[in-house]
Amino acid sequence: MNTTNRGTPLVEMRDISIAFGGIKAVDHVTVDLYPGEVVGLLGHNGAGKSTLIKCLSGAYQADAGDIFINGEKVEIKDPRDARAQNIETIYQTLALADNLDAASNLFLGRELVNSFGFVDETKMEAETRKIMGRLNPNFRKFNVPVSALSGGQRQSVAIARAVYFNAKILIMDEPTAALGPHETQMVSELIQELKAQGLGIFLIEHDIHNVMKLCDRAVVMKNGQRVGTVNVNEVTDDDILGMIIAGKKPAQAV
Amino acid sequence: MTDINQNPQAAGKEEGPIGRFLRATEIDPRLIGMVGALLLIWIGFHVYAELFLGGGTFLTPRNLWNLSVQTASIGIMATGMVLVIITRNIDLSVGSIVGVTGMYMGLLQVEWLPQYLGLGHPAIWIITVIFGIVLGALIGALQGSMIAYLSIPAFIVTLGGLLIWRGVAFLAADGRTISPVDETFALIGGGPFGAIGATGSWILAAIASAGVIWMIVRGRGNRRKHGFPLRPMWAEYFMAGLGVGLIAVATWVVNAYPWPKGILKQYYEGLGQEVPEDAFISHGYAYPVIILVVVAILMTVLMTRTRFGRYVFAIGGNPEAAALSGINTRAMTVKIFTLMGALAGLAGVIGSARLNSATNALGDLDELYVIAAAVVGGTSLAGGVGTIYGAIIGALVLVSLQTGMVLIGFGDGSYRKIVIGAALVLAVYLDILYRKRLK
Ligand SMILES: Nc1ncnc2c1ncn2[C@@H]1O[C@H](COP(=O)(O)OP(=O)(O)OP(=O)(O)O)[C@@H](O)[C@H]1O
Ligand SMILES: [Mg+2]
């Protein structure tokens, strides 16, 4: 796939920097994302992947740099701004309220209300049953707090939340970390399905095979900096591992 | 569709009759525990008095009616404290807010407003009540803002508030007691004239019963519409019967407490009549109790049916997740403390009306009872968990202990403190045990 001249990117994060105390967690990183594309974000632990996407999801505000959505510069000051831009995020930490059930978490901040303005619990549960039936048909625990769910079940709740609201831009921070092989397979299929629908997806993923299988491009980070960006079908997994481990940029990379 | 009870979890799991009963009725087992403890306390005091003091005086209409009035102000504040504690905060200043709002309301209705409106003007009590609630809300908003935007811990801000507002209450009238308050205002505190009488109480009971039945029918309809499992029909009838039964018993009790002789005389003198031989005028529900019930219903709706309530629970469960979901957690903190302050202002109304005077000591130590009520009622100090009805039962437990000790002659304060302190620790320990067993 050709990475140049594809029109306006869906997302462009340009020259983003953010530091915590003295640590430059993200150091002048530029990435972009096109509709119908999956861009992998790779790097060792602490490389700055989560911090970078949190600038897009509104969890953090970058110290420097600009964000463009469909070519237009936007200010993303908090998670509400991000949601308003149809950006949905599955956080590495899942960001679930443990004391609430699946439906309450799925609709958190966007509760369905009836004509009196009261939260419509039954409707929300019905919608949750619908979407979970599609994503994880084995899911049964609708009426218990999510603290009572397994790691994988919690993850599927977080995924359902990101998928339910018709995102255009999806951020997935290690979405399969807690999933079994079957569930991981289902998430892979989901990613391909969403991609076919024209969503742009940032996928943070450590498993190199999943990266090779799912991503169109891969951005490798190291110590907060971008090592390089490659078209996945132009490189081998060893090339990518070399970038991650040694910071070695192959010839094809930009 | 027929009323088939479909319960996926039931299959394959052996369950005793109690477990089956709890699941079918969806009663929280902890509620049963709290009510059980309350009944135990009531019966304990009654039996003790029966055995050692030559007559049971606890489970009498008179005592229960007084208990209901005394619970009102702690109960009202406890409903707000639930929100504060669920969001992992604390408010130590509520007792002092009661004091300061009580003082300024006293000054307003006794010394300031009558100058312009004339003594006994019907607008005085309305202005005073609104003023007291708004003043409480403003104090709460100020404290909440400092907690939310200056990131000073709630414990510190409200500990400061505890001292500051008590000091302000003293300075407001240089330590004077202001009395008596406006006549209409005083009715809000309860008393023979501050109650709605037998007929009014039965009408209220009928409305409340209709409400209970309507909620059960509507809940069932809603679940059926979405094809969710329904409760078995006997459980629905049981819940309706229980609700209506409780309302009927409570109404019967408050109506069984007649006006004392002196009040009867005063009343009939006002009518220019002799007191009839068989005169029996019921108190009925006291105004502060009605206010408590209304507050409890509104707060329950707020917590279970509105986005605001959802956000309170979400912030308590995981503040970070709540913020990432776009909830403005700081604004929520300000709103919660504002609400708490307003409820403390309302408690100030009831407290000063009941005393028929404003003193700077009003509400002293209330913060401890209010926090204890919320915690005894199942609100978790770790955050994220709590109910309004639990807090009110908690308030009833504490006030019952307190008045019961007085009743059986341990009223000199020291024993009361020991018993209530022990009860608080015990209640929290039982709650911890219960939660452990759940896991
Ligand atoms: N809120 C914070 N405060 C201080 N330092 C932070 C904060 N968030 C991240 N960091 C630091 O920024 C750096 C990048 O962290 P980040 O979470 O982005 O790594 P990552 O690439 O997502 O790693 P992983 O693969 O382990 O998830 C780390 O050194 C981390 O310690
Ligand atoms: Mg990370």
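We name chains A, B, ... by the order of the sequence lines, and we start the count at 1 in each one.
For A:Leu100, the part sitting under 4.5 Å from any heavy atom of chain B is the side chain, from C-beta outward, and nothing else. Contacts of A:Tyr91 with chain B are made by side-chain atoms alone, with heavy-atom separations under 4.5 Å and no backbone atom involved. Heavy-atom distances place both the backbone and the side chain of B:Phe313 under 4.5 Å from chain A.
Against chain A, the residues from residues 373-387 of chain B that qualify, each with a non-hydrogen atom under 4.5 angstrom away, are B:Gly384 in number order.
Side-chain contact check for B:Lys225 versus A:Thr122: every heavy-atom pair is 4.5 Å or farther apart.
Minimum heavy-atom separation, A:Asn99 to B:Gly317: OD1-CA, 3.1 Å. Of all heavy-atom pairs spanning B:Gly326 and A:Pro79, the tightest one is N-CB, 3.9 Å.
Under a cut-off of 6.0 angstrom, the local environment of CZ in B:Phe155 is sparse, with at most 12 non-hydrogen atoms contributed by other residues, nucleotides or ligands. Surrounding CZ of A:Phe20 are more than 12 heavy atoms belonging to other residues, nucleotides or ligands, all under 6.0 Å away. For B:Met146, the CE atom sits in a loose shell: 12 or fewer heavy atoms of surrounding residues, nucleotides or ligands are nearer than 6.0 Å.
The structure places OG1 of A:Thr89 at 8.0 Å from CG of B:Leu324, a figure rounded to the nearest 0.5 Å. In this structure, the separation between CZ on A:Arg110 and CD1 on B:Ile327 is 11.0 Å, given to the nearest 0.5 Å. Note that CZ of A:Phe107 and CZ of B:Arg310 are 10.5 Å apart. Values are rounded to the nearest 0.5 Å. For the atom pair CG (A:Leu108) and CG (B:Asn318), the distance works out to 9.5 Å, reported to the nearest 0.5 Å.
Highest contact tally toward chain A, considering only B:Gly309, B:Ser325, B:Ala321, is held by B:Ser325 [criterion: heavy-atom pairs under 4.5 Å]. Among A:Arg80, A:Glu121, A:Glu111, the residue making the largest number of heavy-atom pairs under 4.5 Å with chain B is A:Glu111.
B:Arg307 places no side-chain N or O within 3.5 Å of a backbone atom of A:Gly117 that could act as its donor or acceptor partner.
The pair A:Glu125-B:Arg223 does not count as a salt bridge, with every side-chain nitrogen at least 4.0 angstrom from each carboxylate oxygen.
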